[in-house]
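Along the sequence shown, residues carry numbers from 1.
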Amino acid sequence: MNNTTFTLGNGLRVIHNYDPATAMVAVDVMYNVGARDENPNLTGMAHLFEHLMFAGSENVSDFDGALERVGGISNAWTSNDFTNFYDVAPAANAETLFWLESDRMLSLSFSEKSLEVQRSVVIEEFKQTHLNRPYGDLSHHLRALLYSVHPYRYPTIGKEIDHLRRVTLDDLRSFYFSHYAPNNAVLAVSGNITSDRVRELAEKWFGSIPRRDIAPRLYEQEPPVTSPRQERLVRDVPRAMVTIAYPMPGYGQPGYIECDLITDILANGRSSRFYRQLVMQGDLFSDADASISGSDEPGFLMLNGRLNRSDDASVAEARSILTEAASMLATPGNVSEHELTRAVNRYESQATFSSMNYLNKAQTLAMAEMHGEDVNSIIPAYRSVTTSDITATAARILNPDSSVTIEYLPR
């Protein structure tokens with residue numbers, strides 16, 4: 001991608017990609033704030049703010065209404081690391097997107113009414129996605145086993161509902177003004193709009209927003225897992241499930257890309273090892289998967305299998321099979337060039353097709369700028385990985401002594 005970058009006087013980083021193939025424009029604002037920045041006794045704040053940012057700002061009482069009037073749509077997401085807001089509208093109405101995003105960066109309209117409305121929405125989401133859904137509390141239990149001091153020990157939704165119930169307007173103001181600021185954000189723009197126009201609108205709408213003092217991250221780094229940890233959960237679930245996780249490097253650190261490719265080799269598509277060896281060749285697994293948390297700081301690589309049987313012997317067998325199938329990658333010569341090339345080709349294909357969409361481009365550019373990397377360097381980094389790299393990383397990461405296991409059994 002050919003991109004233009006510049007930084008405003010208040011510290012807002014701007015990155016732009018011109019895409020004449022569309023009549024639309026996407027504006028993406030990513031803030032360097034997530035669940036890791038919360039008070040551990042008041043979790044769920046970042047996700048609550050994702051909702052509050054649509055509840056009205058200093059000069060715009062109805063964000064969605066103003067956007068819909070110019071043919072636009074918007075959405076957002078929150079992770080443990082970042083909070084992201086994105087808007088789309090016809091290119092002729094691009095200025096409206098800059099106006100709306102700048103106003104909620106300037107100041108939200110804090111009120112008891114908006115807090116109560118959005119609090120109830122988030123609490124209901126907490127119940128639906130984590131308490132009342134089968135396996136929904138996996139992230140709570142898995143993270144609590146993996147982490148003891150780092151804020152990754154609870155998921156983005158929050159540690160418990162009572163934390164959300166305790167949030168006050170003073171808590172909101174304090175969290176907002178210490179994290180949501182131009183010097184803690186990236187503005188990414190993609191679509192049928194020139195770089196000169198982006199610079200003009202960025203200066204006009206964002207340039208006067210003052211810098212703010214960003215709260216420092218004072219939490220401790222997580223000590224290594226040195227012995228296996230496990231927990232058995234009896235829940236209202238349709239079938240038994242086994243999840244095994246291993247600590248892994250954070251984004252941009254040595255071994256991160258290799259871990260991503262390891263999970264692709266194991267479980268991405270019908271040609272993957274898990275599908276061919278675990279699902280198709282036996283009757284124990286109904287499905288099996290592998291993934292990484294994809295976090296900014298040290299995260300985890302996860303193996304997951306749902307079973308057709310729920311007796312103790314089957315659960316123990318499933319744990320053994322999952323572990324053995326993954327650990328085979330640590331055997332020299334076990335990973336073929338063809339297998340690695342297929343995984344890298346799949347990654348490149350997905351990344352390339354994704355970048356054809358102007359909205360995906362904007363989000364990809366925002367994340368790359370937040371990470372301080374050239375978006376064009378990502379695929380070559382994956383291409384540079386060798387089979388020896390995969391083997392060495394698998395031997396280091398897939399260590400039984402650092403494994404964390406969750407077993408779900410039907411009630």
**Study point:** Donor-acceptor contact below 3.5 Å, side chain Arg13 vs main chain Ala366
**Key:** no
Check your understanding: Checking Arg104 against Phe54: charged group under 6.0 Å from the ring centre and within 45 degrees of the axis?
Key -> yes
Exercise for review: Quick one: closest heavy-atom pair of Leu12 and Asn10, and the distance?
Suggested key: N-OD1, 3.2 Å
Check your understanding: Under the 3.5 angstrom rule, does the side chain of Asp37 hit a backbone N or O of Gly34 as a donor-acceptor pair?
Key -> yes
Review point. In terms of the angle between their ring planes, are Phe98 and Phe206 parallel, tilted or perpendicular, with boundaries placed at 30° and 60°?
Key: perpendicular
Review point. Under 3.5 Å, side chain of Arg232 to main-chain N/O of Tyr408, donor-acceptor pair present?
Key: no
Review point. Would Leu172 and Leu169 count as a side chain to side chain contact (heavy atoms under 4.5 Å, CB included) if you check the C-alpha gap in whole Å, the side-chain angles of each, and the deciding distance to 0.1 Å?
Key: CA-CA 5 Å; Leu172 293 182; Leu169 283 180; 4.0 Å; yes
Point to revise | Residues Ser402, Asn399; criterion side-chain hydrogen bond (donor to acceptor under 3.5 Å, both in side chains); working and verdict | key: CA-CA 6 Å; Ser402 62; Asn399 181 355; 4.5 Å; no
Review point. Between Thr352 and Ser349, is there a donor-acceptor pair closer than 3.5 Å when you use the side chain of the first and the backbone of the second?
Key: no
Review point. Checking Tyr176 side chain against Met105 main chain: does a donor-acceptor pair fall under 3.5 Å?
Key: yes
Review point. For Ser271 and Arg276, does a side-chain donor sit closer than 3.5 Å to a side-chain acceptor?
Key: no
**Study point:** Pair Asn2, Asn17: side-chain N/O donor-acceptor within cut-off below 3.5 Å
**Key:** no
Check your understanding: Can you tell me how far the CG atom of Leu97 sits from the CG atom of Asp28, to the nearest 0.5 Å?
Key -> 11.5 Å
Check your understanding: Are Ser109 and Glu58 close enough that a side-chain donor and a side-chain acceptor fall under 3.5 Å?
Key -> no
Review point. How about Phe82 and His371: are their ring centroids closer than 6.0 Å?
Key: yes
Check your understanding: For residues Glu373 and Tyr251, is any side-chain donor paired with an opposing acceptor at under 3.5 Å?
Key -> yes
Study note, to complete from the structure: Here the pair of heavy atoms bringing Asp103 nearest to Ser57 is OD2-OG, 2.5 Å
**Study point:** Heavy-atom donor-acceptor pair, Thr341 side chain to His338 backbone, under 3.5 Å
**Key:** no
Review point. If we ignore angles and hydrogens, is there a donor and acceptor under 3.5 Å between the side chains of Thr22 and Asp19?
Key: no
Practice item. Would you check if Tyr246 and Val225 make a side-chain contact, meaning some heavy-atom pair closer than 4.5 Å? Key: no
Review point. Which distance, rounded to the nearest 0.5 Å, do you find between the CG of Leu266 and the OG of Ser291?
Key: 10.5 Å
Exercise for review: Please report the C-alpha distance between Asp162 and Arg165 in whole Å, then the side-chain angles of each, then the deciding distance to 0.1 Å, and finally whether the salt bridge (charged side-chain N to carboxylate O under 4.0 Å, His left out) criterion is met.
Suggested key: CA-CA 5 Å; Asp162 281 347; Arg165 292 193 176 113; 3.0 Å; yes
Review point. What closest approach, in Å, do Ala215 and His179 show between heavy atoms, and which atom pair accounts for it?
Key: CB-NE2, 3.8 Å
Exercise for review: Verify whether one side chain among Thr156 and Asn80 offers a donor that lies under 3.5 Å from an acceptor in the other.
Suggested key: yes
Point to revise | Under 3.5 Å donor-acceptor, Tyr152 side chain and Ala144 backbone | key: no
**Study point:** Main-chain N/O of Val33 paired to Thr83 side chain as donor or acceptor, under 3.5 Å
**Key:** yes
Review point. So how far is it from Ile73 CD1 to Leu67 CG, rounded to the nearest 0.5 Å?
Key: 8.0 Å
Review point. Will you find, in the side chains of Tyr31 and Glu50, an N or O donor that is under 3.5 Å from an N or O acceptor?
Key: no
Exercise for review: Return yes if a side-chain donor-acceptor contact under 3.5 Å exists between Gln363 and Trp77, otherwise no.
Suggested key: yes
**Study point:** Thr405/Arg229 under side-chain hydrogen bond (donor to acceptor under 3.5 Å, both in side chains): CA gap, chis, key distance, verdict
**Key:** CA-CA 6 Å; Thr405 304; Arg229 304 171 184 174; over 6 Å; no
Check your understanding: Asn93 side chain to Thr96 main-chain N or O, any donor-acceptor pair under 3.5 Å?
Key -> no
Review point. Going by distance alone, is a donor N or O of one side chain under 3.5 Å from an acceptor N or O of the other, for Arg217 and Asn32?
Key: yes
Point to revise | Check: Arg383/Asn345 side-chain N/O donor and acceptor closer than 3.5 Å | key: yes
Check your understanding: Taking the six-membered ring for Trp, are Tyr347 and Tyr382 parallel (under 30°), tilted (30 to 60°) or perpendicular (over 60°)?
Key -> parallel
Check your understanding: Taking atom types as modelled, is there a side-chain donor on Asp171 or Ser174 under 3.5 Å from an acceptor on the other?
Key -> no
Review point. Between Tyr275 and Gln281, is a side-chain hydrogen bond (donor to acceptor under 3.5 Å, both in side chains) present by the stated rule, with each step listed?
Key: CA-CA 9 Å; Tyr275 186 80; Gln281 292 186 11; over 6 Å; no
Point to revise | Under-4.0 Å salt bridge between Asp264 and Arg346 | key: no
Study note, to complete from the structure: Closest heavy-atom pair, Leu278 versus Ala288, reported as atoms and distance to 0.1 Å, is CD2-CB, 4.1 Å
Practice item. Indicate the ring-plane relationship of His47 and His51, choosing parallel, tilted or perpendicular according to the 30° and 60° boundaries. Key: perpendicular
Study note, to complete from the structure: So CD1 of Ile193 and CE of Met24: to nearest 0.5 Å the spacing works out to 12.5 Å
Exercise for review: Decide whether a cation-pi geometry holds between Arg306 and Phe285; the criteria are a distance under 6.0 Å from NZ or CZ to the six-membered ring centre and an angle within 45° of the ring axis.
Suggested key: no
Check your understanding: If we only count heavy atoms from C-beta on, is the Val167 to His163 side-chain gap below 4.5 Å?
Key -> no
**Study point:** Intermediate values then yes/no, side chain to side chain contact (heavy atoms under 4.5 Å, CB included), Leu261 and Asp389
**Key:** CA-CA 10 Å; Leu261 290 171; Asp389 295 332; over 6 Å; no
Check your understanding: Which value, rounded to the nearest 0.5 Å, describes the distance between Leu146 atom CG and Met302 atom CE?
Key -> 10.0 Å
Review point. Pro249 and Ile397: which non-hydrogen atoms are nearest, and at how many Å?
Key: CD-CD1, 3.9 Å
Review point. After noting the C-alpha distance and the side-chain angles of Asn334 and Met328, does the key distance pass the side chain to side chain contact (heavy atoms under 4.5 Å, CB included) rule?
Key: CA-CA 7 Å; Asn334 185 264; Met328 287 296 294; 3.4 Å; yes
Revision key, fill the gap. For Gly294 and Tyr256 the tightest heavy-atom approach is CA-OH, 3.2 Å
Practice item. Can you sort out the partners of Lys204 under salt bridge (charged side-chain N to carboxylate O under 4.0 Å, His left out), two or more places apart, ordered by chain and number? Key: Glu95
**Study point:** Flag side-chain contact, heavy atom, 4.5 Å: Phe175 against Leu48
**Key:** no
Point to revise | Any side-chain donor near an acceptor of the partner, His150 and Gln221, under 3.5 Å | key: no
Check your understanding: Do the side chains of Leu307 and Arg239 get nearer than 4.5 Å, heavy atoms only?
Key -> no
Check your understanding: Any donor-acceptor pair under 3.5 Å linking the side chain of His140 with the backbone of His130?
Key -> no
Exercise for review: Hey, could you give me the CG/CD distance between Leu329 and Glu339, rounded to the nearest 0.5 Å?
Suggested key: 7.0 Å
Check your understanding: Could you walk me through whether Glu38 and Thr43 pass the side-chain hydrogen bond (donor to acceptor under 3.5 Å, both in side chains) check?
Key -> CA-CA 6 Å; Glu38 298 164 348; Thr43 62; 4.9 Å; no
